[in-house]
Amino acid sequence: MSEEKKSLNFLEQIIEEDLANGLTKDKLHFRFPPEPNGYLHIGHAASICLNFGLGIKYNAPVNLRFDDTNPAKEEQEYVDAIKKDIQWLGFKWANELYSSDYFQQLYDWSIQLINDGLAYVDDQSSEEMAIQKGTPTEVGTNSPNRDRSIEENLELFMKMKNGEFQEGSHVLRAKIDMEHVNMHMRDPIMYRILKKHHHRTGDDWCIYPMYDWTHGESDYIEQISHSICTLEFKSHRELYDWYVDQVYSGDDLRPKQREFARRNLSYTVMSKRKLLQLVQEGHVKGWDDPRMPTISGLRRRGYTPNSIKKFSEIAGISKRDNVTDVALLEFCIKDDLNKTAPRVMAVLNPVKVVITNYPEGKEEWLTAENNPEDDNAGNREVPFSKELYIEKEDFREEANKKFFRLKLGKEVRLKNAYIIKAECVVKDENGEILEIHCTYDPLSRSGSGTEESQRRVKGTLHWVSIAHAIKTEVRLYDRLFIDEAPDSHKDKDFKEFINPNSLELNTNAFVEPSLKEATIGDRFQFQRLGYFCVDDDNTAEHLIFNRTVPLNDSWAKIEKKGEQKKPANNNAINELLAISGKYLKSKENDDRLSLLDKMSDLSKKIEFKNLPELLKTAASNKEYFTYLVVFNNSNALEILAKEHANLVTEFISAALQMKNSYVRYQAVEFIYINSSVKDDYITILKDMVAEERNSMIAERLELILN
RNA sequence: UGUCCCAUGGUGUAAUUGGUAACACACCGGUUUUUGGUACCGACAUUCAAGGUUCGAGUCCUUGUGGGACAACCA
């Protein structure tokens with residue numbers, strides 16, 4: 001029994017420290033505080049697994065608290081969906097609570113703050129207040145209403161509450177410090193007037209508390225020991241503390257807020273606003289579209305709760321920006337399903353096989369293993385007959401010896417059945433194959449134990465008996481975006497990167513008859529193809545499967561390699577990207593020079609056919625830098641400029657405006673080398689001259705412009 | 001131009017708090033296989049830079065560089 005010591009993440013370390021410093025274990029109390037204005041996604045899963053995981057680890061309660069202070073955006077539909085998702089993940093909350101439960105208490109405390117001279121009513125326009133607020137680099141100025149008398153504030157606030165004012169006309173503000181370096185401390189708004197129906201409090205209130213005023217106080221009311229949120233709230237912490245301090249009694253638990261980095265996934269977007277946009281504009285069919293990174297989307301796609309929890313665990317938490325490779329998520333679901341999903345046979349792109357020496361009208365029920373990874377999974381019977389479907393891709397009239405599948409004159413094994421040999425094909429007038437005529441070896445039946453059945457045949461194919469097969473619909477999903485980080489491009493809309501082929505509808509697939517009784521949510525491995533689950537749209541008459549994830553496919557890799565007879569291109573690009581990564585990190589001049597030399601050599605070896613695509617999706621400094629170096633050291637431009645002039649101009653313009661000075665330098669260098677294009681960028685260049693602080697770049701700019 | 005946060009292989013995280021830089025994914029190669037799946041074995045590859053403290057620095061200090069957050073009557 002070796003108990004492995006698992007390292008603590010930084011939040012667990014903070015908790016351990018607090019425990020060591022006298023906080024008792026029974027005081028630990030966590031919460032998950034979603035705003036019911038959208039569906040939960042895989043990023044929220046990180047927070048859910050973190051908070052509920054902490055609850056399990058320390059045997060501490062975890063509250064589910066809906067942060068429902070903005071009736072304009074929040075709806076009961078979302079509350080229900082969120083609860084369903086958390087339950088589905090397998091977590092149990094201690095209490096189901098709502099920030100709106102505390103509206104009265106919050107109101108009472110506001111009165112107290114007014115009485116203490118720490119809050120005032122302001123009736124300026126939001127524009128006026130925004131101006132007075134200053135900027136991150138300039139201090140703000142006091143509101144003319146800042147010094148109203150307590151009595152007047154009380155009276156105005158009462159009128160706000162009683163609905164005597166228009167929406168937007170008055171707010172209650174905390175009186176803190178308009179010159180504070182932290183903008184959140186510059187007399188933040190505590191209450192605004194919103195004459196909206198609230199999903200829980202109805203029309204009881206027409207003033208609603210703001211997030212900051214609500215969150216810390218709610219944590220305090222619930223005696224939350226550790227209030228864990230994402231990094232963008234870091235600068236709110238000072239205000240959180242200030243608010244809590246105004247009401248803290250001094251002898252009970254005072255909550256603390258700590259922040260961690262939100263989790264991003266490659267090839268998708270994670271902001272609720274953007275996900276909502278995808279739904280509303282019809283790019284996907286709904287919040288639970290299997291292509292969405294929402295919990296409900298992943299559930300419909302066939303992901304298991306365990307796979308999502310495992311993913312959260314492996315991905316870990318930290319305080320740095322991150323983009324986790326979606327391949328890790330896919331690994332987690334494949335790993336889970338490999339152990340649990342029953343294997344079945346399904347043919348997605350059927351071609352007919354006729355076994356010429358198999359008796360007409362005969363059928364046999366052959367034994368098939370349900371799951372070789374699970375000893376308790378048992379067996380089932382699958383029907384075999386003279387006419388079968390196999391995958392089109394599994395047959396070639398002729399092929400080299402790397403192709404282990406069916407080809408004319410060669411043998412292959414049908415999984416759980418016989419060894420067959422392809423004899424001839426029947427084609428239509430267009431040369432399309434209609435039937436493959438095969439013979440079978442009657443003594444080779446799988447599991448029969450005969451010498452023939454144990455013959456080593458390189459390939460094994462899946463199949464279905466035409467007479468017994470069930471026609472089904474299969475939905476094949478690919479990533480929703482073609483770019484690794486679709487929303488990281490400053491000047492481009494993330495929707496430009498939507499993958500037009502993210503859904504492939506197949507209505508002509510066939511599955512073995514054991515699947516007749518499959519019901520919504522059931523998961524299977526279609527052997528040699530991937531993991532599939534029964535979609536919500538499924539009916540008894542019309543079977544519908546979603547592909548959760550394909551199996552690893554080393555044959556696809558071999559084929560791909562064969563295609564790239566000249567591998568120079570991709571390899572060179574990848575190598576270039578790697579080198580420029582080092583270049584950007586290195587600050588040693590000699591290193592940089594030698595790296596640049598290497599890049600210059602490599603640039604000459606590149607083929608340019610992929611370059612337009614790469615330019616379009618360039619996001620990082622590394623990518624920009626690489627392609628610029630390629631331009632500056634090869635004849636790529638000449639070739640690209642003919643067909644992709646706009647693309648190049650757009651790319652260079654963006655590069656000129658990048659923050660990274662190495663990127664800017666290469667972009668300027670580009671214009672210096674190709675001086676004829678100077679005029680295309682003249683406005684940008686002039687702007688740069690005024691602001692450029694890097695002397696190397698400034699020098700070059702001067703050379704170009706004079 | 002201000003304040004704060006962050007920086008470890010291609011990606012995501014570790015490093016018992018100053019003591020041999022490790023794990024997983026991805027990629028590449030191989031073994032096994034009635035799934036070109038799984039399993040197993042192997043290879044590749046990492047501390048942003050400079051200076052300082054120290055017998056010893058990924059870890060502490062200083063400076064620089066790069067990335068991010070902050071100016072909603074959103075959360």
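Order of the sequence lines fixes the chain letters, A, B, ..., with proteins taken first and strands second; residue numbering starts at 1 for each chain. These values consider heavy atoms only, across backbone and side chains, with no hydrogens, waters or symmetry-generated copies.
Side chain A:Glu373 to base B:G37: a donor-acceptor pair is found below 3.5 Å. For a distance-only test at 3.5 Å, the side chain of A:Gln454 fails to qualify as a donor-acceptor partner of the base of B:U34. At a cut-off of 3.5 angstrom, counting only N and O atoms as typed in the model, there is a donor on one side and an acceptor on the other between the side-chain of A:Arg413 and the base of B:U34. On a pure distance criterion of 3.5 Å, a polar donor-acceptor pair joins the side chain of A:Ser446 and the base of B:U34.
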Notebook entry, point to check: How does each nucleotide of nucleotides 67-75 of chain B score, in 5' to 3' order, for protein heavy atoms under 4.0 Å: base (B), sugar-phosphate only (S), or none (-)?
Noted result: SSSSB-BBB

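Taking only side-chain nitrogens and oxygens, A:Asn322 never comes nearer than 4.0 Å to OP1 or OP2 of B:U11.
With hydrogens and angles disregarded, no donor-acceptor distance shorter than 3.5 Å links the side chain of A:Asp219 to the backbone of A:Ile224. Looking at A:Arg65, its side chain never comes within 3.5 Å of a backbone N or O of A:Phe32 through a donor-acceptor pair.
Nucleotide B:U53 carries an anti base; the chi torsion (O4'-C1'-N9-C4 or O4'-C1'-N1-C2) is more than 90° from 0.
Salt-bridge check for A:Arg258 with A:Glu17: failed, with every basic side-chain N at 4.0 Å or more from each acidic carboxylate O.
A heavy-atom distance below 4.0 Å to RNA chain B is reached by these residues of residues 330-347 of chain A, ordered by number: A:Phe331, A:Asn338, A:Arg343.
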Next item on the list: Report the C-alpha distance between A:Glu512 and A:Arg380 in whole Å, list the side-chain angles of each, state the deciding distance to 0.1 Å, and finish with yes or no for salt bridge (charged side-chain N to carboxylate O under 4.0 Å, His left out).
Entry: CA-CA 11 Å; A:Glu512 62 172 69; A:Arg380 71 186 184 289; 2.6 Å; yes

